[in-house]
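What follows is a set of notes on a single structure, which appears directly below.
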There are 2 protein chains.
Amino acid sequence: MGTGTEARQVVTGGAVLDTALTLFAQRGYHGTALSQIAEVLGIRTPSLYNHMRSKQELLQTIIRQTLDSVMEDFEAAVDGVQDPVERLRRATRVYALRHATHRREALVVNRDTTSLEEPSLSALRARRRDHERAFRAVISDGVESGAFTVDSPVLASFAILEMCVSIARWFRDPGALSAADVADQYTGFALQVVGVQT
Amino acid sequence: MGTGTEARQVVTGGAVLDTALTLFAQRGYHGTALSQIAEVLGIRTPSLYNHMRSKQELLQTIIRQTLDSVMEDFEAAVDGVQDPVERLRRATRVYALRHATHRREALVVNRDTTSLEEPSLSALRARRRDHERAFRAVISDGVESGAFTVDSPVLASFAILEMCVSIARWFRDPGALSAADVADQYTGFALQVVGVQT
DNA sequence: TTGTGATACGAACGAGCGTTAGCTAGCGTC
DNA sequence: GACGCTAGCTAACGCTCGTTCGTATCACAA
């Protein structure tokens with residue numbers, strides 16, 4: 001009757017990573033069993049080891065790739081831009097946009113970074129701090145040049161960054177607002193926080 | 001030689017809950033074993049069951065009590081206050097302050113609510129939405145009265161609430177700023193987000 | 001002094017976890 | 001047509017988990 005060949009051997013390393021990403025985002029790293037990943041992919045648990053070294057490696061790969069992309073986004077966004085207002089606008093927009101378009105990655109990074117084992121934990125925490133520091137410098141520069149007015153650049157940068165991070169928690173793609181709409185509005189919030197009239 | 005009696009029978013239900021709170025906040029619900037809670041308390045794992053019904057019950061109690069307190073804080077803060085600006089100021093301040101002074105509770109609620117089993121999951125999600133709705137209404141009212149200027153009260157309320165939530169992630173008690181300082185500054189951010197000059 | 005309730009303990013359970021080992025079937029290449 | 005590579009499978013491992021059971025020990029009231 002034409003059913004013929006079963007679907008076979010379609011699983012790739014990328015598919016395992018993508019499924020792990022989805023389930024880690026839903027249930028958390030420790031709340032996700034490899035058997036659940038295998039079930040979604042339609043294979044048995046041990047077969048996963050043809051595509052990965054360990055469960056922990058999946059988490060490390062997800063978080064490392066995500067943090068790298070965040071930093072690349074940031075640098076591409078502010079590269080060559082001098083005006084502090086425009087720098088903050090662009091840095092915020094790409095960060096907000098990423099959290100709307102890559103919700104799963106954001107949820108895993110923010111929830112499960114503490115589940116990383118050393119030495120990845122230290123290395124990736126440092127990578128995250130690099131972005132925080134660079135973002136904070138945008139605000140500090142603007143304060144020194146008189147473009148921004150804030151009591152504490154540290155507090156302002158945390159407030160703006162975490163405001164963007166939270167987009168990943170409620171944003172739904174076919175929703176009332178597009179990712180670009182949300183990013184634009186959050187960019188406006190960020191500028192208001194640092195005292196720029198809009 | 002005076003060592004005499006070992007320390008015995010000092011563990012109470014409250015101590016179990018408090019230890020669970022600390023460890024859940026550090027490692028997450030699924031990342032915490034009952035044996036770790038028992039070890040901190042200096043007893044064996046099965047002895048925990050003299051003070052609780054199950055691990056899941058610990059999580060439910062922590063989250064339920066926290067969400068109740070959040071709602072009580074909110075209502076006490078805005079009760080009898082008419083001016084939208086003052087209502088938002090007070091609602092934001094108590095929320096920000098709570099996330100600085102009750103960091104562990106905030107971390108568990110935001111990380112491990114998805115680990116709740118039904119029917120608690122639905123009930124407590126609804127309780128959280130009650131607060132979100134009430135907070136959003138403060139902003140909507142201010143927009144209608146002309147006190148605030150925002151495109152979307154939904155986005156603005158999410159941005160402000162989650163900005164406050166994130167305080168729990170970086171705040172340290174004996175730090176450069178007191179909890180009250182942080183709450184005051186975040187209240188300023190909130191008012192700027194909704195377009196109030198400060 | 002006896003009894004009662006609370007709290008601790010050791011032993012053990014069934015289940016599930018991540019992981020390894022060894023084997024089999026299908027594929028493209030020579 | 002034999003070969004090796006890839007990716008699947010079953011079986012099994014050692015371990016840890018949350019939980020239950022029966023028992024011993026203590027403080028305190030009668």
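Throughout, protein chains are lettered first and strands after them, A, B, ... in sequence-line order, and every chain is numbered starting at 1.
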With the side chain of A:Lys55 defined as its heavy atoms from C-beta on, choose the nearest nucleotide among C:dT19, D:dG18, D:dT19.
-> C:dT19

Per atom distances to the A:Asn50 side chain, the nearest of C:dA8, D:dG18, D:dA7 is D:dA7

To the nearest angstrom, the CE-P distance between A:Met52 and D:dA7 comes to 14 Å

Please work out if A:Thr32 contacts a base, only the sugar-phosphate, or nothing of the nucleic acid, heavy-atom cut-off 4.0 Å.
-> sugar-phosphate

Give a yes/no answer on whether the side chain of A:Ser47 brings an N or O atom under 4.0 Å of OP1 or OP2 in D:dA7.
-> no

Given D:dT20, C:dT19, C:dC9, which nucleotide is nearest the side-chain atoms of A:Leu34?
-> C:dT19

Please work out whether the ring planes of B:Phe74 and B:His131 are parallel, tilted or perpendicular, with thresholds of 30° and 60°.
-> perpendicular

Under a single-linkage definition using a 4.5 Å side-chain heavy-atom cutoff for Ile, Leu, Val, Met, Phe, Trp and Tyr, are B:Leu88 and B:Val81 assigned to the same hydrophobic cluster?
-> no

Atom CD1 of B:Ile43 and atom P of D:dC26 are separated, to the nearest Å, by 17 Å

Between A:Pro46 and A:Ser35, the residue closer to the 5' end of DNA chain C by nearest nucleotide is A:Ser35

Atom-pair distance (CD on B:Gln56; P on D:dT19), nearest Å = 9 Å

Spacing of B:Leu59 atom CG relative to D:dG18 atom P, expressed in whole Å | 13 Å

A:Thr22-A:Arg104 side chain donor-acceptor pair, cut-off 3.5 Å = yes

Of the nucleotides C:dC17, D:dC17, D:dC9, which has the atom closest to the A:Ala33 side chain?
-> C:dC17

B:Glu117 CD to D:dG18 C1': how many Å, rounded?
-> 11 Å

Once you round it to whole Å, what is the distance between P of D:dT10 and CZ of A:Arg44?
-> 5 Å

Determine the contact category for B:Thr45: base if any of its heavy atoms lies under 4.0 Å from a base atom, sugar-phosphate if only primed atoms, P, OP1 or OP2 are that close, otherwise nothing.
-> base

Report the distance from atom OH of A:Tyr49 to atom P of D:dC9, rounded to the nearest whole Å.
-> 15 Å

Rounded to whole Å, CG of B:Leu48 lies from C1' of D:dT19 at a distance of 11 Å

Indicate, with yes or no, if B:Val70 and B:Leu124 share a hydrophobic cluster defined by side-chain heavy-atom contacts under 4.5 Å among Ile, Leu, Val, Met, Phe, Trp and Tyr.
-> no

Search all heavy atoms of B:Phe171 against all heavy atoms of B:Val182 and return the closest pair with its distance.
-> CE1-CG2, 3.8 Å

Please check the phosphate of C:dA8 (OP1 and OP2 only) for any side-chain N or O of B:His51 closer than 4.0 Å.
-> yes

